[in-house]
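Comments concern the structure below.
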Amino acid sequence: MIRLYNTLSRKKELFKPLTKGTVGLYTCGPTVYNYAHLGNLRTYVFEDLLKRVLVYNGLKVKHVMNITDVGHLTGDMDMGEDKLEVGAKREGKSAWDIAKFYEAAFKHDLAALNIIEPTTWCKATAHIKEQINLIKQLAAKGFTYETSDGVYFNTSKIKTYNQLSHLPLAELKEGARVEKNKEKKNPTDFALWKFSPAGAKRQMEWASPWGKGFPGWHIECSAMSLKYLKNNLDIHCGGIDHINVHHTNEIAQSEAATGQKFFNYWLHGAFLNIAGGKKMAKSADNFLRLATLVQSGVNPLAFRFACLQTHYRKPMEYSPKIIANAQKGLEHLYNQIKEQTTNNKQQGKINIKYKEKFLKAINDDLNLPQALAVVQAVFKSTLSGADKRATILDFDQVLGLQLRQGAPVAAIPAAIMKLAQDRQAAREAKNWPLADKLRQQLANKGYLVADSPGGWQLSKK
């Protein structure tokens with residue numbers, strides 16, 4: 001039996017899918033205007049663990065993840081510029097090129113962290129028709145009104161607006177980052193469709209019954225989850241920062257349009273904080289990418305291993321020391337598995353007693369710290385080496401640490417790293433002859449450098 005903490009009820013609940021044996025899972029994907037940082041990636045690791053736990057329990061998972069490539073404004077309360085347009089100005093590219101580049105970079109990070117891709121990827125720009133149709137439904141039922149800048153959802157029309165946040169409506173107000181919209185009837189009202197600015201042409205805009213413009217941020221997730229999951233609206237996930245605005249608005253517009261409950265279980269992951277308690281964010285000066293760790297010789301799975309050591313609902317602290325310790329811990333795991341493999345050539349059997357303990361831990365709201373304790377208990381047990389290996393490799397279906405494949409990458413010498421960094425600087429300065437020369441120097445020393453949308457990676461030949 002799987003028990004999950006449901007933000008809707010604020011308690012652990014026995015998980016029961018709407019369709020026996022099949023789980024509908026929707027996870028909010030990235031807004032592809034910049035690289036994902038480690039805080040973002042912690043959420044995707046948690047969601048991957050959830051999916052792996054469901055599959056480990058014999059369930060089929062229909063997983064949908066959106067790509068937000070339009071409509072997410074710099075002010076989450078529907079003000080400011082579209083983040084894709086901002087990214088385009090920042091880099092001198094089209095908004096479409098920005099979205100394509102950072103989507104590829106995001107998928108590169110997922111692969112590096114051994115995160116299983118969703119069953120269905122869906123882009124906001126590829127589902128404009130579905131979003132317009134959903135807004136039409138809401139308009140026909142009297143939930144919308146127009147202002148000079150768009151079509152808005154009237155939150156006073158739905159009495160259960162705060163069912164997810166559990167906060168009084170007076171506390172759910174517009175953010176202070178940008179000027180408030182004086183035309184809104186209620187502070188919590190949100191945009192379903194934004195009009196293109198008068199006299200200006202956006203890179204991304206579409207015709208609609210209300211005028212040329214683009215969809216609001218929240219409507220995409222409702223339209224796409226209703227399209228792809230239909231009768232399997234089981235679990236919706238995201239970071240805790242989505243609770244009070246994005247997910248609250250998704251529920252409001254979806255239930256207003258359909259008259260039915262919109263997802264039974266809502267799971268949210270806590271923040272990754274820089275040591276000292278400050279949240280990691282793109283808007284702060286503490287933006288740290290996975291590629292940065294890789295470039296310093298850290299196996300990306302060391303970050304995954306660090307995530308496993310903190311329960312997903314608790315804040316996780318980041319520091320170079322914590323990551324270094326995680327790298328050592330992961331290396332120790334690889335060495336333990338290698339030892340069992342070297343000394344025992346037999347196939348081995350999965351130990352049922354320890355598998356039950358592992359299941360008990362992961363099925364208790366994804367208690368991965370306790371599951372890791374079970375892993376060490378197996379190593380310390382009197383089981384044969386072959387049985388230890390078979391049991392722990394079975395657990396790795398959930399852990400996702402690629403224990404079968406072998407040891408992590410070795411630390412890269414500082415002198416080699418300096419050459420690679422100098423080469424990257426030459427590339428950014430478009431000094432191609434120097435970049436090629438430094439690449440050759442790296443090759444002569446036994447190292448290969450590979451470039452990708454997610455950044456460069458260094459590896460030994």
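If you read the sequence from its start, that first residue is 1, and numbering goes on from there.
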side-chain contact (heavy atoms from CB on, under 4.5 Å) for Val61 and Thr119? Distances and angles first, verdict last. CA-CA 8 Å; Val61 178; Thr119 314; 5.7 Å; no

Rounded distance (nearest 0.5 Å) linking atom CG of Leu383 with atom CD1 of Ile350: 12.0 Å

Kindly write out the residues that satisfy ring pair (Phe, Tyr, Trp, His ring centres under 6.0 Å) with Tyr354, not counting sequence neighbours, or none if the list is empty. none

Phe153 side chain near His218 side chain, heavy-atom distance below 4.5 Å: no

Within the 4.5 Å heavy-atom criterion, are Tyr334 and Leu301 side-chain neighbours or not? yes

The single option from Asp189, Asn249, Thr248 passing side-chain hydrogen bond (donor to acceptor under 3.5 Å, both in side chains) against Thr155: Asp189

Which heavy atom of Leu290 sits nearest to which heavy atom of Ala112, and what is that distance? CD2-CB, 3.9 Å

Is any side-chain heavy atom of Asn162 closer than 4.5 Å to a side-chain heavy atom of Thr188? no

Pairs flagged by ring-ring contact (aromatic ring centres under 6.0 Å, His included) wherever residues 356-393 is involved - sequence neighbours left out: Tyr56-Phe358, Phe358-Phe395

Quick note, salt bridge (Lys or Arg N to Asp or Glu O under 4.0 Å) partners involving residues 110-125, not counting sequence neighbours, are Glu103-Lys123

What's the verdict on side-chain contact (heavy atoms from CB on, under 4.5 Å) for Ile115 and Asp109, showing C-alpha distance, side-chain angles and the deciding distance? CA-CA 9 Å; Ile115 292 173; Asp109 284 345; over 6 Å; no

Partners meeting side-chain contact (heavy atoms from CB on, under 4.5 Å) with Ala223 (sequence neighbours left out): Glu130, Gln131, Leu134

Please test Phe190 against Tyr152 for ring pair (Phe, Tyr, Trp, His ring centres under 6.0 Å), starting from the C-alpha separation and ending with a verdict. CA-CA 5 Å; Phe190 56 91; Tyr152 282 78; 8.4 Å; no

Kindly check if the number of other-residue, nucleotide or ligand heavy atoms within 6.0 Å of NZ (Lys100) is above 12? no

In terms of ring plane angle, is the pair Tyr228 and His127 parallel, tilted or perpendicular, where the classes change at 30° and 60°? perpendicular

Residues two or more places apart in sequence or in another chain: which of them pass side chain to side chain donor-acceptor pair (under 3.5 Å) with Thr382? none

Treating Glu85 as the side-chain partner and Gln203 as the backbone partner, does any N or O pair qualify as donor plus acceptor under 3.5 Å? yes

Value for OH (Tyr26) from CH2 (Trp266), rounded to nearest 0.5 Å, stands at 9.5 Å

Is there a side-chain contact between Val70 and Pro215 (heavy atoms, below 4.5 Å)? yes

Contacts of Lys62 that satisfy side-chain contact (heavy atoms from CB on, under 4.5 Å) - sequence neighbours left out: Thr22, Leu229, Asn232

Is there a side-chain contact (heavy atoms from CB on, under 4.5 Å) between Leu399 and Asp396? Walk through the geometry before answering. CA-CA 4 Å; Leu399 304 177; Asp396 198 42; 3.5 Å; yes

Distance-only donor-acceptor check, side chains Asn351 and Thr391, under 3.5 Å: no

Quick one: does Phe262's side chain get under 4.5 Å of Leu226's, heavy atoms only? yes

Not counting sequence neighbours, which residues clear side-chain contact (heavy atoms from CB on, under 4.5 Å) with Leu14? List them please. Met1, Arg3, Lys16

Between Leu41 and Ala36 the two heavy atoms that sit nearest each other are CD2-CB, 4.1 Å

How are the rings of Phe263 and His236 set to each other: parallel, tilted or perpendicular (split at 30° and 60°)? perpendicular

For His242, ring pair (Phe, Tyr, Trp, His ring centres under 6.0 Å) partners two or more places apart: Trp217, His246, His247

What are the two closest heavy atoms between Ile337 and Leu393, and how far apart are they? CD1-CD2, 4.5 Å

Might you point out which heavy atoms bring Pro300 and Leu113 nearest each other, and give the distance in Å? O-CD2, 3.3 Å

Sorted by chain and number, sequence neighbours left out, side chain to side chain donor-acceptor pair (under 3.5 Å) with Thr7 holds for His268

Would you tabulate the side-chain donor-acceptor contacts of residues 364-373 under 3.5 Å, counting partners in other chains and residues two or more places apart, or write 'none'?
residue : atom : partner : partner atom : Å
Asp364  : OD1  : Lys12   : NZ           : 2.7
Asp365  : OD1  : Tyr5    : N            : 3.0
Asp365  : OD1  : Tyr312  : OH           : 2.5
Asp365  : OD2  : Tyr312  : OH           : 3.4
Asp365  : OD2  : Arg313  : NE           : 2.8
Asp365  : OD2  : Arg313  : NH2          : 3.1
Asn367  : OD1  : Gln370  : N            : 3.1

Mark yes when over 12 heavy atoms from residues, nucleotides or ligands other than Lys328 sit less than 6.0 Å from its NZ; otherwise mark no. no

Could you tell me whether the side chain of Thr31 reaches within less than 4.5 Å of the side chain of Leu84, counting heavy atoms only? yes

Can you name the closest pair of heavy atoms from Asp234 and Gly24 and give their distance? OD2-N, 2.9 Å

Has Lys355 got more than 12 heavy atoms of other residues, nucleotides or ligands less than 6.0 Å from its NZ? yes

Main chain of Gln327, side chain of His332: is a donor-acceptor contact present, judged purely on distance under 3.5 Å? no

Contact between Phe271 and Asp241 at the side-chain level, heavy atoms closer than 4.5 Å - yes or no? yes

Can Ser94 and Asp97 be counted as having a side-chain donor-acceptor contact under 3.5 angstrom? yes

Which heavy-atom pair separates Phe46 from Cys237 by the least distance, and what is that distance? CZ-SG, 4.3 Å

Donor-acceptor pair, distance only, cut-off 3.5 Å: does the side chain of Asp69 make one with the backbone of Trp96? no

Residues that Glu91 engages under salt bridge (Lys or Arg N to Asp or Glu O under 4.0 Å), provided they are two or more places apart: Lys93

Using modelled atom types only, decide if a donor and an acceptor are shared between the side chain of Asn335 and the backbone of Glu331 within a distance under 3.5 Å. yes

Could you walk me through whether Leu49 and Leu308 pass the side-chain contact (heavy atoms from CB on, under 4.5 Å) test, one step at a time? CA-CA 9 Å; Leu49 291 168; Leu308 299 183; 3.4 Å; yes

As an exercise, state the distance from OG1 of Thr144 to CG of Asn154, rounded to the nearest 0.5 Å. 9.0 Å

Going by heavy atoms in the side chains, are Pro30 and Ile67 under 4.5 Å from each other? yes

Quick one: pull up CZ in Phe143 and CD in Glu255 and give me the separation to the nearest 0.5 Å. 10.5 Å

Roughly how far apart are Leu38 CG and Leu272 CG, rounded to 0.5 Å? 6.5 Å

Interatomic spacing from CZ in Phe303 to CD1 in Ile322 - rounded to 0.5 Å: 11.0 Å

Salt bridge (Lys or Arg N to Asp or Glu O under 4.0 Å): which pairs involve residues 34-58, sequence neighbours left out? Asp48-Arg52, Asp48-Arg304

